[in-house]
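Both backbone and side-chain heavy atoms feed into the values below; hydrogens, waters and symmetry mates do not. So you know, we letter chains A, B, ... as the sequences are listed, proteins then strands, and number each from 1. Computed from a predicted structure; not experimentally measured.
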Amino acid sequence: MKISQFFLPTLKEAPSEAQVISHQLMLRSGMIKQSSAGIYSWLPLGFKVLKKIEEIIRCEQDYIGGQEILMPTIQPADLWIESGRYEDYGQEMLRIKDRSNRDLLYGPTNEELITDIFRTHLKSYKDLPLLLYHIQWKFRDELRPRYGVMRGREFLMKDSYSFDLDMNQSRLTYQKNFLSYLRIFSKLGLKAVPVKANPGPIGGDLSHEFVILAPNGESDIFFDKKLLEFESISKDIFLDKNLVEKEYNKWAKCYAVTDDIHNEKEYNKLTTPENRVNSRAIEVGHVFYFGTKYSKSMGANLINNKGEQLPVHMGSYGIGVSRLVGAIIEYSHDDKGIIWPENVAPFSVGILNLKKGDEYCDKMSELVYQNLLIAGLEVLYDDTSERAGSKFANMDLIGLPYQVFIGSKSKDNGLFEIKERATNKRYFLKLESLINHLTEKFN
RNA sequence: CGGGGAGUAGCACAGCCUGGUAGUGCACUCGCUUUGGGAGCGAGGGGUCGGAGGUUCGAAUCCUCUCUCCCCGACCA
């Protein structure tokens, strides 16, 4: 993509409505436009990142046997009355009436819908286990939306729902999802910490939050530093349920809790002093085993191999996809702008033609651009007539992992200068090695 | 929902107290000079001052109502 053709409305100054850094950077880099409190339009740059995150999640969820579906945003009130949550959810739920005066709602979550799908179509233990997920917009009418997309009223969420015959099998499913989440966050370039959490109004007795450390986070957590040092989860682990359990236990037995259930005595017993960390954190995922809470109230039963009717055991697993965009920026930025982890960057490489109008630089920039495109990379080429300084500032702001400079230095030495955004390392390469170097990074 | 703050050009803000036909910087358009870290000079375009009502000869400015946005708290992925 050439910047001259790309809709990228960047700003030198942040709008005063934005207080936290990720919100400011998202507005300045032209990723989003606020529509009303907690509701945003996603512009091309932001939407690309959102889709990258989705795709990483999809890939990992499919790997552990998840099947993607898509449920509606607008749901009938009847199902919620049946589960008993129509009253419980309160003002956060956006209630709507259609032209026939039927009660509808904009879904804040999807347990009722999925349970309804399940009970309609699945009747036998032979149909299990089943893991369904979808990535869909939700709406919760928060009292006070804030922090940009990190706490919007409308937000994109991946939610999965698991169905198992009994608690033991459901726990294994829980463990698999737990490990899958660790893989997802690691691929997103984040060190996520799984903390034991209060399951809250959604119910259940086994629950973890996945948080990433950031000073602007809404949670306050206490945890064992070991959790930041474990190696990432290998795909092979999922092939053997003993390995799953072993790996899960390694993580789950470490002390890590939110402040509301923090216990100083236990903390001191289970951790060494140098490993104790207390930090603000942003919740980006949440996993629950909630057993038969919905299946009982909504009659989602199965017949086991003895012909008995039993309520199905369920779990649910959420990731705040749109929130993650803000959270990643909170986690990875500097005073110049965003520093995208390679897997979620909206483009892999930015090309800066520093002497637009100079025959050599124009020709070489175009050549590098074409070659990188042919190599299959996502490239943003700044072909505008802006001054060099403003191109540097703009490219640093939008945070692409690699920048290629073509200007008077290239003209003198016939080489191309690469800058790594995260480390600020710079080096000069010939065209061929530049293409190879960048291609290797992204394959 | 309780407490606080703010709505003036795309963005940041001044003007309001003390009423007199709306301004600055950035951005945008044109010209000249510049050109490796957000250039300089010159010339332009763009605002019924959030909305409604009132006071007044006259309202961005004073009064009333209202809408919206932001911050702190309680609540939440």
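Distance CZ (A:R323) to P (B:A77): 8 Å, rounded to an integer number of Å. The CG atom of A:D220 sits 13 Å away from the P atom of B:G73 (whole-angstrom rounding). The CG-C1' distance, from A:L27 to B:G10, rounds to 13 Å in whole Å. Between the CD atom of A:E92 and the P atom of B:A77 there is a distance of 8 Å, given to the nearest Å. Rounding to whole angstrom units, CG of residue A:N216 and P of B:C71 are separated by 11 Å.
A:F290 and A:F288 have tilted rings, their planes meeting at an angle from 30° to 60° on a 0 to 90° scale. Between A:Y289 and A:H313, the ring planes lie parallel to each other; the angle is under 30°, not in the 30° to 60° tilted range. Using cut-offs of 30° and 60° on the angle between ring planes, the pair A:H208 and A:Y174 is tilted.
Relative to the side chain of A:E218, the nucleotides B:G37, B:C72, B:C76 differ in distance, and B:C76 lies closest. The side chain of A:L11 sits closest to B:C11 out of B:C11, B:C72, B:G36. In the set B:G73, B:C76, B:G38, the nucleotide with an atom closest to the side chain of A:R146 is B:G73. The A:S36 side chain lies nearest to B:C69 when the options are B:C69, B:C76, B:G38. Comparing B:C26, B:A77, B:A12 against the side chain of A:E142 picks out B:A77 as the nearest. You'll find that the side chain of A:L354 is closest to B:G36, out of B:G36, B:C75, B:G37. Closest to the side chain of A:S408, out of B:C69, B:A12, B:G36, is B:G36. Checking B:C13, B:G36, B:C69 against every side-chain atom of A:Q34, the shortest atom distance belongs to B:C69.
The two atoms that bring A:Y106 and A:I96 nearest to each other are N-CD1, 3.9 Å, heavy atoms only. Shortest non-hydrogen contact noted between A:Q61 and A:S180 is NE2-OG, 3.3 Å.
The residue A:E417 sits close to a base: some heavy atom pair falls under 4.0 Å. Residue contacts for A:G318: at a heavy-atom cut-off of 4.0 Å it reaches no nucleic acid atom on any strand shown. Residue A:A14 is in sugar-phosphate contact alone, with no base atom involved, counting any heavy-atom pair closer than 4.0 Å across all strands shown. A:N394 comes within 4.0 angstrom of a base, heavy atoms only. Within 4.0 Å (heavy atoms only), A:K419 reaches at least one base atom of the nucleic acid. The residue A:A393 sits close to a base: some heavy atom pair falls under 4.0 Å. Residue contacts shown for A:S35 are absent, as no nucleic acid heavy atom lies under 4.0 Å away. Within 4.0 Å (heavy atoms only), A:E13 reaches at least one base atom of the nucleic acid. Nucleic acid contact for A:Q19: sugar-phosphate only, since backbone atoms but no base atoms lie under 4.0 Å from a heavy atom of the residue. Nucleic acid contact for A:G320: none, since no nucleic acid atom lies under 4.0 Å from a heavy atom of the residue. Among the protein residues, A:G152 comes within range of the nucleic acid bases, having at least one heavy atom under 4.0 Å from a base atom.
Along RNA chain B, the nucleotide nearest A:P15 and the nucleotide nearest A:H23 are compared for position; the residue whose nucleotide lies closer to the 5' end is A:P15. Ranked by how close their nearest RNA chain B nucleotide is to the 5' end, A:L143 and A:E154 are led by A:L143.
Scanning atom types as modelled, no donor and acceptor separated by under 3.5 angstrom connect the side chain of A:R28 and the base of B:G10. Evaluation of atom-type donor-acceptor distances gives a pair under 3.5 Å for the side chain of A:R151 against the base of B:C76. Not a single donor-acceptor pair, N or O on each side, falls under 3.5 Å between the base of B:G38 and the side chain of A:E386.
A:K409 forms no cation-pi arrangement with A:F428, by the criterion of a distance under 6.0 Å to the ring centre and an angle within 45° of the ring axis.
Taking atom P on both B:U64 and B:C17, the two are 15 Å apart, rounded to the nearest angstrom. When the P atom is compared between B:A6 and B:A14, the two are found 10 Å apart, to the nearest whole Å. Comparing B:G7 with B:C16, their P atoms sit 13 Å apart, to the nearest whole Å. Comparing the P positions of B:U24 and B:A43 gives a spacing of 12 Å, expressed to the nearest Å. Comparing B:C26 with B:G38, their C1' atoms sit 10 Å apart, to the nearest whole Å. With both ends at atom P, the span from B:A60 to B:C70 equals 28 Å, rounded to whole Å. Annotation: B:G46 and B:G37 have their C1' atoms spaced 31 Å apart (nearest Å). Look at the C1' atom in both B:U21 and B:U48: the space between them is 12 Å, to the nearest Å.
The phosphate of B:A39 has OP1 or OP2 within less than 4.0 Å of a side-chain N or O from A:R387. For the pair A:S16 and B:C70, the criterion of a side-chain N or O lying under 4.0 Å from OP1 or OP2 is not met. For B:C71, the OP1/OP2 oxygens have a side-chain nitrogen or oxygen of A:R144 closer than 4.0 Å.
A donor-acceptor contact under 3.5 angstrom links the side chains of A:S160 and A:K158, judged on distance only.
Of the charged side-chain nitrogens involved, at least one lies within less than 4.0 Å of a carboxylate oxygen, so that A:K97 and A:D103 count as a salt-bridged pair. Taking 4.0 Å as the cut-off between side-chain N and carboxylate O, A:K138 and A:E154 do not count as a salt-bridged pair.
In this structure, A:F155 counts as stacked on the base of B:A77 under the 5.5 Å centre distance and 30° plane angle limits.
Base pairing of B:G38: no nucleotide in any strand meets the Watson-Crick or G-U wobble criterion (both distances under 3.5 Å). Pair assignment for B:A43: B:U29, on the basis of Watson-Crick or G-U wobble contacts that are both within less than 3.5 Å. In this entry B:U21 has no Watson-Crick or G-U wobble partner, no candidate having both defining distances under 3.5 Å. Pair check for B:A14 finds none; no Watson-Crick or G-U wobble contact set falls under 3.5 Å. In a base pair of the Watson-Crick type (N1 to N3 plus N6-O4 or O6-N4) or a G-U wobble (N1-O2 and O6-N3), with each distance short of 3.5 Å, B:A74 is matched with no nucleotide. Pair check for B:U55 finds none; no Watson-Crick or G-U wobble contact set falls under 3.5 Å.
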